[in-house]
Amino acid sequence: MMRNILILGLAAITLTACGGGGNRLSGRGPDELAIARSAPLVVPPDFSLAPPRPGAPRALGIDAQAAAMEALFGPGVKPPPRSQAEQNLLDRANANANDPAIRSQAGDPRTSAVNKGVFLAEVLAAPVGSRDPKLADVKLPN
């Protein structure tokens, strides 16, 4: 008997905790038009940035590894020196020999590239915004 009264009392307390919202079960959700809008982003008026010169050192003057170490461990932290094995690997991979003309070589027609096939060439050659279904009909060689 006492156990039933205790269970009923706990159930009543639990149910009263759900009823404090007043109008929660009316089906009305939040008003999506009542959201305050923030000001739009503004482009700064001064564009005094000069384009980079080929072969010139980077403007930041700090390498990515040093920047990461400083972000993780605080200012003044220096990355550890490379081991002999790491340096040998980088030397054999020619990682320290940067070619300043690499961007002009990438677009050169004599640069070897992977042939992705006729389908991709026709898709890329299609005019932008065209809705002609005949353009989507690609003939593949058999």
Side-chain angles (χ1 to χ4, degrees), residues 3-142:
R3 190 173 130 203
N4 290 340
I5 293 174
L6 184 62
I7 290 174
L8 278 174
L10 283 174
I13 291 173
T14 305
L15 288 175
T16 57
C18 296
N23 210 4
R24 287 187 189 188
L25 299 177
S26 67
R28 253 184 113 223
D31 186 10
E32 64 272 1
L33 300 175
I35 297 172
R37 297 185 183 260
S38 60
L41 296 176
V42 178
V43 177
D46 183 21
F47 292 109
S48 61
L49 297 174
R53 292 185 305 263
R58 293 183 55 174
L60 298 175
I62 188 167
D63 65 337
Q65 185 179 14
M69 293 286 288
E70 194 168 302
L72 289 172
F73 303 112
V77 175
K78 297 184 189 217
R82 292 183 176 141
S83 68
Q84 185 64 35
E86 184 180 7
Q87 190 61 46
N88 286 342
L89 177 69
L90 291 173
D91 291 341
R92 290 177 71 191
N94 239 358
N96 296 326
N98 297 331
D99 188 5
I102 190 65
R103 290 182 186 217
S104 61
Q105 289 174 0
D108 188 11
R110 294 173 295 184
T111 301
S112 61
V114 176
N115 184 6
K116 294 289 184 178
V118 178
F119 178 74
L120 184 63
E122 287 201 24
V123 168
L124 293 176
V128 177
S130 175
R131 299 208 181 262
D132 187 9
K134 293 177 188 165
L135 289 173
D137 199 19
V138 177
K139 307 289 188 276
L140 295 174
N142 292 338

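Basis for what follows: all heavy atoms, side chains included, without hydrogens, waters or symmetry-related copies.
With sequence neighbours left out, the side chain to side chain contact (heavy atoms under 4.5 Å, CB included) criterion links Gln84 to Asn88.
Only one option out of Leu6, Ile5, Ile7 pairs with Arg3 in a side-chain contact (heavy atoms from CB on, under 4.5 Å); it is Ile7.
Scanning both residues, Glu70 and Gly76, for their nearest heavy atoms gives OE1-N, 4.2 Å.
At a threshold of 4.5 Å between non-hydrogen side-chain atoms, the residues Met69 and Pro80 count as touching.
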